[in-house]
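Within every chain, numbering begins at 1; the chains are lettered A, B, ... in the order of the sequence lines, protein sequences first and strands thereafter.
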Amino acid sequence: MSDKRLIYLDNNATTPTDPRVVDAMLPFFHNVPGNAASRNHPFGWAAEEAVDYARDQIAKLLDVDNREIIFTSGATESDNLALKGVFEMYKRKGNHIITLKTEHKAVLDSCKKIEKMGGEVTYLDVDDKGMINLAELEAAIKKETILISVMWANNETGVIQPMKEIGDICAKHGVLFMSDATQAVGKIKTHPKELGIHLMAFTSHKMYGPKGVGALFVNRKNPRVKVTSQMDGGGHERGMRSGTLNVPGIVGFGMAAEIARKEMDADAARLSVLRDKLEQAFIDNLEEVYVNGDPAHRMPHVCNISFKHVEGEGLMMTFNQEVGVSSGSACTSASLEPSYVLIAYGLGDDLAHSSIRFSLGRFTTEQDIDETIALVSKGVNHMRDLSPIWEMYKEGVDLDAVQWTEH
Amino acid sequence: MAYSEKLLDHFKNPKNVGTLDKTDQNVGTGLVGAPECGDVMRLQIQVDAEGIIEDAKFKTFGCGSAIASSSLATEWLKGKSIDEALAIDNMAIVEELALPPVKIHCSVLAEDAIKQAVNDYKTKNA
Ligand SMILES: Cc1ncc(COP(=O)(O)O)c(C=O)c1O
């Protein structure tokens, strides 16, 4: 990368590590070299103490007991452990799991694997704003249902599901409730116990901590939930996840959790103003702009928007030397499929191909947003000048009536 | 993914963007792709009395590689006879722009657009 100032608006992909987090981690690479499982010398004790401290910091953010935090390598692993671990542990009780079509691949592909292992999975639709239908959820529960897995906030659109209502339904039917809360933890209040969530997956690198470390919250009491380990070995993490703990990573994760607990409300308030400014500017400056996802139930820092008759990846190329975002279009021969999340919202393939996700973060400034508004608006106009379907739309051609040649 | 200088130049400064009158007897139009697939290319040629392409224009909805492929195609078309135009092979576009393997379909689309435009012209003037 050149030293030109770049604007980073892809914080849902990963967040920059907060410098305060980096500072907290540094001693644990060389000065404190121990293995947290070495119980017979000061090096091990210091490492274990640091891990315990981080576990407390994270437990405090979630308002849970520190013994309910299982460290993993990230949310992908936590999702796998929760889903497959519950399935294996409870399959004598039942083999049915309910989830959403808009979940992250870490959940969906774990569910696919569970189906191969003899499980049955129901993938619920969402409405055109991305929200779950609670009546459909309740109707899908049967006596074999052991687990309902619903993400807290969607990674592509920021849409927040009604966790309390889902928790109530789970409690009513005696079904375990798991949530992939990767995009919510550290950004908004996420207290699983208040909502009846029994397992919750999250990751450090989406909350200004380092990459390669995550956690699974597993409820210990009423009910006591257990998962079968998916990584076998030395029996770390109460036997649920073996492997030497990533001490510097965990220390950083803990620090990130502490900072989040103190600062997330202020961050959210500031970022929602900037996000709204960005979104409103596009709506005001440009025609045929569609916001994806329910604006009333959305993470404060996310904006997913379709610029109709412009292809997202091409649009991104007009400004990607200056601004980093991501697109719901995957225009490669390997996958001509646009975002399955937006398709589940009922968007046509054309609007899904035209979508861009802007995700702001702690280090986003108002100047970043002003520059982004100018660059993206210019890019959209450039791409529309080049777009034959924009021209046809402007001439009043009914695009649905055109005989396109699929390829 | 890093793109070649040539590709970036065609993307940033596309050549021959525009629209020819598709009802004109001397104009052939090719429209290929579909919005659902993420790319639509419209390529037009204007042919003189000697059967030489005197002008070519395009508009494309698509990714950077699709736009660059169509821009390059219009450049190559100008001055060619319609038979020479039909001989343009998508692999030549791939080489010229150094398209990555996942973007080869963009060059195929450009070749299809050329063929359709020439056929449209031929049908009109049959
Ligand atoms: C909702 C969601 N779940 C899971 C993951 C995977 O997280 P990790 O990169 O820590 O494995 C991500 C990140 O891409 C995510 O957004």
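- Contacts between residues 379-388 of chain A and chain B, defined by a heavy-atom separation under 4.5 Å, are made by A:H382, A:M383, A:D385, A:L386, A:S387, A:P388.
- In terms of non-hydrogen atom pairs under 4.5 Å with chain B, the most contact-rich of A:H309, A:M316, A:Q403 is A:H309.
- Contact annotation for B:L31: both backbone and side-chain heavy atoms come within less than 4.5 Å of a heavy atom of chain A.
- The aromatic ring centres of A:F282 and A:F358 sit less than 6.0 Å apart.
- Under the 4.0 Å criterion applied to side-chain N and carboxylate O atoms, A:E279 and A:R298 are assigned as salt-bridge partners.
- Ion pairing of A:R5 with A:D368 is present here, as a side-chain N (NZ or NE/NH1/NH2) and a carboxylate O approach within less than 4.0 Å.
- Contact of B:L99 with chain A is not made at all, since no heavy-atom distance falls under 4.5 Å.
- The number of heavy-atom neighbours closer than 6.0 Å to NZ of A:K113, taken from other residues, nucleotides and ligands shown, is 12 or below.
- Taking 4.0 Å as the cut-off between side-chain N and carboxylate O, B:E96 and B:K6 count as a salt-bridged pair.
- In this structure, the side chains of A:V376 and A:F307 come closer than 4.5 Å at one or more pairs of heavy atoms.
- No side-chain N or O of B:D83 forms a donor-acceptor pair with one of B:S81 less than 3.5 Å apart.
- Under the 4.0 Å criterion applied to side-chain N and carboxylate O atoms, A:K394 and A:E287 are assigned as salt-bridge partners.
- Between A:F363 and A:Y208, the two ring planes are perpendicular [angle over 60°; tilted spans 30° to 60°].
- At a threshold of 4.5 Å between non-hydrogen side-chain atoms, the residues A:H353 and B:P35 do not count as touching.
- Distance alone, capped at 3.5 Å, places no donor-acceptor pair between the A:N154 side chain and the A:G158 backbone.
- The contact list for residues 11-27 of chain B toward chain A, using heavy atoms and a distance under 4.5 Å, reads B:F11, B:K12, B:P14, B:V17, B:T19 by residue number.
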